[in-house]
Protein chains: 2
Amino acid sequence: MAQPILEVRHLRTLTALRDTGSLSRAGMLLNLTQSALSHQLKALEDHFGLPLFTRKSTPLQFSPAGLRLLQLADSVLPQLASAQRDINRLAQGSSGSLRIAVECHTCFDWLMPAMDQFRERWPEVELDIVSGFHPDPVALLHQQRADMAIVSAVDEGEAVAIHPLFEFEIVALLANNHRLCAQERLQPSDFVDETLISYAVPDEMLDLVRQLLAPAGIRPARRTTELTIALLQLVASGRGIAALPLWAVHSYLQRGYISARPIADGLTGRLYATTLEGPTPRPYLADFVDIIRASCFVSLPDIRLL
Amino acid sequence: MAQPILEVRHLRTLTALRDTGSLSRAGMLLNLTQSALSHQLKALEDHFGLPLFTRKSTPLQFSPAGLRLLQLADSVLPQLASAQRDINRLAQGSSGSLRIAVECHTCFDWLMPAMDQFRERWPEVELDIVSGFHPDPVALLHQQRADMAIVSAVDEGEAVAIHPLFEFEIVALLANNHRLCAQERLQPSDFVDETLISYAVPDEMLDLVRQLLAPAGIRPARRTTELTIALLQLVASGRGIAALPLWAVHSYLQRGYISARPIADGLTGRLYATTLEGPTPRPYLADFVDIIRASCFVSLPDIRLL
DNA sequence: CTCCTTTATGAATATCGCTCATAGTAATCG
DNA sequence: CGATTACTATGAGCGATATTCATAAAGGAG
């Protein structure tokens with residue numbers, strides 16, 4: 001009643017605004033432009049005749065009215081989601097399974113929190129990580145051994161649905177006293193006489209090799225390990241160079257444990273979730289993609305949603 | 001999350017559907033066409049892949065999924081309304097007053113329940129009925145002695161905002177053994193030798209006189225009283241004819257206390273709420289109009305919303 | 001069976017939310 | 001202090017889609 005201006009979309013915008021701290025970042029989270037949100041909020045403020053938050057200063061400050069609406073959103077949005085899931089359950093009577101195949105080792109950092117959120121929302125869905133190492137996670141989809149594969153590159157023509165997640169910068173990691181630290185950035189040729197420290201995966205699954213070194217015909221020595229912390233220790237002790245996503249090593253860099261340099265004019269890694277495109281598009285799969293995107297965007301520094 | 005198909009509008013539709021028992025009546029309540037609701041619900045059902053209610057049979061039956069959504073609506077819509085009102089209060093810091101001037105005596109029947117609902121929602125607004133008899137309630141608006149006037153006709157050119165409420169049939173009321181009961185319907189000429197029993201208001205405020213008798217130059221004897229029940233007693237004891245809204249005497253007719261006949265080819269009364277069109281359109285005024293329309297539509301038989 | 005009320009459906013319309021392009025505004029830095 | 005960068009505001013135009021209109025179909029009541 002009393003003029004039905006308020007819509008679900010407004011509530012979503014407000015929570016995104018709180019989570020991200022700015023209109024433009026909130027827009028990325030919602031897959032909308034900054035302009036859309038600006039218009040949207042202006043309409044609300046015009047309608048109520050008072051400001052919902054103050055734009056100047058990051059993170060922005062909510063006004064009492066804004067806080068009241070946030071409180072509403074925090075109460076309403078979960079109820080809405082919960083009702084939607086109940087209906088979906090009624091519809092396809094079912095539980096189901098979400099077995100996740102991962103190609104990139106660092107992914108566990110963000111996958112765990114996302115899985116926790118998912119478990120809360122879809123308790124009846126059997127949730128698992130397909131264990132062991134798999135050179136081709138997408139193959140697991142077709143073999144019905146996984147329901148979702150997280151990959152960093154997708155072949156055209158694979159008969160799967162692709163859900164882009166996010167992209168990020170991959171940086172070279174050096175010991176603080178490494179001679180290459182003198183350079184502002186590293187070029188492919190700098191890797192010639194170095195040892196490349198990485199996870200135990202085939203060459204072509206490393207973005208650095210696939211995107212830069214292989215095209216340049218450079219094949220540095222490789223040394224592998226399974227744990228991120230072990231990998232960083234090798235780097236710190238001068239055994240070689242590693243290349244990892246910036247977000248994966250952000251905390252180590254801040255503490256000065258090792259040093260980072262951009263590679264070429266910026267090496268960009270991307271991540272995608274892939275699923276079989278079945279006749280019954282199980283709603284919890286799409287939901288999990290949303291959860292990943294949202295939770296990564298707020299917790300991983302410097303990533304850009306795709 | 002999980003496809004944001006569900007909107008506030010859908011929840012409103014569902015509650016209206018429950019309150020009215022049919023798509024077409026729900027449409028009237030929401031100021032939408034039956035077609036709109038049909039499309040809207042079909043979209044929902046298509047999306048979820050299951051029916052929300054069964055159309056055959058009145059009143060319609062909700063499915064489990066429909067009931068789940070109704071439960072959601074019952075939880076969410078009040079929260080939404082409450083938040084809106086909180087914001088409005090923050091905006092105009094204020095309480096305010098709603099003094100209602102009434103021209104038509106029968107209006108008290110539905111005004112009281114509507115006022116009760118209003119009091120619950122806007123506890124800080126001072127709510128009153130302007131007491132005493134007022135030949136021109138609209139004048140009270142301009143004199144700042146009332147905030148809303150309920151009238152059955154509005155002069156063009158009055159500088160007030162007009163909020164149409166509903167329309168209804170006015171019927172002639174006769175003693176069960178009255179000679180005119182023999183007729184299927186009453187014509188203006190039938191009133192010539194009769195006594196017209198009514199509330200103590202000027203001729204021109206009675207729809208019967210204004211719309212039919214005065215144009216025909218007929219001025220029957222008048223007898224007045226203040227209470228509806230007293231008026232009906234006079235009719236039942238053969239002292240004359242009355243003309244009242246069908247909804248006002250519905251229960252008496254069902255019990256056979258008196259008889260009713262249509263007048264001419266249907267005498268239609270209409271009711272409007274009028275307010276001053278101020279620079280600050282106080283939101284609780286519009287809300288009260290909504291409350292009136294909704295509560296009357298579900299509680300008064302045979303009325304049509306305007 | 002017929003009348004009357006209700007619902008369904010497809011096409012046309014109108015609304016309105018979003019994007020695009022661009023300007024304005026702070027804060028940061030050499 | 002001008003330059004740069006990041007964020008927000010704004011108006012025009014587009015596109016999606018909710019709604020209406022016109023009409024058919026389907027029950028229920030008498």
Spacing of [X] atom [atom1] relative to [N] atom [atom2], expressed in whole Å:
| X | N | atom1 | atom2 | result |
| --- | --- | --- | --- | --- |
| B:L30 | D:dT20 | CG | P | 10 Å |
| A:Q34 | C:dG17 | CD | P | 17 Å |
| B:R55 | D:dG27 | CZ | C1' | 14 Å |
| A:I5 | C:dC16 | CD1 | C1' | 11 Å |
| A:L37 | C:dC20 | CG | C1' | 15 Å |
| B:R12 | D:dA18 | CZ | C1' | 15 Å |
| B:Q61 | C:dT6 | CD | C1' | 17 Å |
| B:L44 | D:dT17 | CG | P | 14 Å |

Just so I know, are the side chains of B:I87 and A:R68 near enough to count as touching, which here means a heavy-atom distance under 4.5 Å?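 A side-chain contact exists here, since the closest heavy-atom pair is under 4.5 Å.
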
Does A:Q40 have a side-chain nitrogen or oxygen under 4.0 Å from the phosphate oxygens OP1 or OP2 of C:dG17?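 It does not, given that no N or O in the side chain of A:Q40 lies less than 4.0 Å from OP1 or OP2 of C:dG17.
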
Base D:dT20 to side chain B:H39, donor-acceptor N/O within 3.5 Å cut-off: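 Check passes, donor-acceptor contact within cut-off.
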
Is any N or O donor-acceptor pair between the side chain of B:S35 and the base of C:dT9 shorter than 3.5 Å?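 Side chain to base: pair found, below 3.5 Å.
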
Options [options], nucleotide nearest the side-chain atoms of [X]:
| X | options | result |
| --- | --- | --- |
| A:L32 | C:dT19, D:dT8, C:dT7 | C:dT19 |
| A:R9 | C:dC18, C:dT6, C:dA8 | C:dC18 |
| B:S38 | C:dA8, D:dT20, D:dA9 | C:dA8 |
| B:K42 | C:dT7, C:dT9, D:dT10 | C:dT9 |
| A:S24 | D:dT8, C:dA8, D:dT20 | D:dT8 |
| A:T33 | C:dC20, C:dT6, D:dT19 | C:dC20 |
| B:L60 | D:dT19, D:dT8, C:dT7 | C:dT7 |

Do the ring centers of A:W110 and A:F166 come within less than 6.0 Å of each other?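 Yes: the rings meet the under 6.0 Å criterion.
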
Test salt bridge (charged side-chain N to carboxylate O under 4.0 Å, His left out) applied to B:D74 and B:R18, step by step: CA-CA 11 Å; B:D74 286 335; B:R18 175 183 50 193; 2.8 Å; yes

Take B:I258 and B:L174, measure what side-chain contact (heavy atoms from CB on, under 4.5 Å) needs, and give me the verdict at the end. CA-CA 6 Å; B:I258 47 173; B:L174 313 163; over 6 Å; no

Single hit among B:L11, B:L6, B:V8 for side-chain contact (heavy atoms from CB on, under 4.5 Å) with B:V76: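 When B:L11, B:L6, B:V8 are each tested with B:V76, the side-chain contact (heavy atoms from CB on, under 4.5 Å) holds only for B:L11.
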
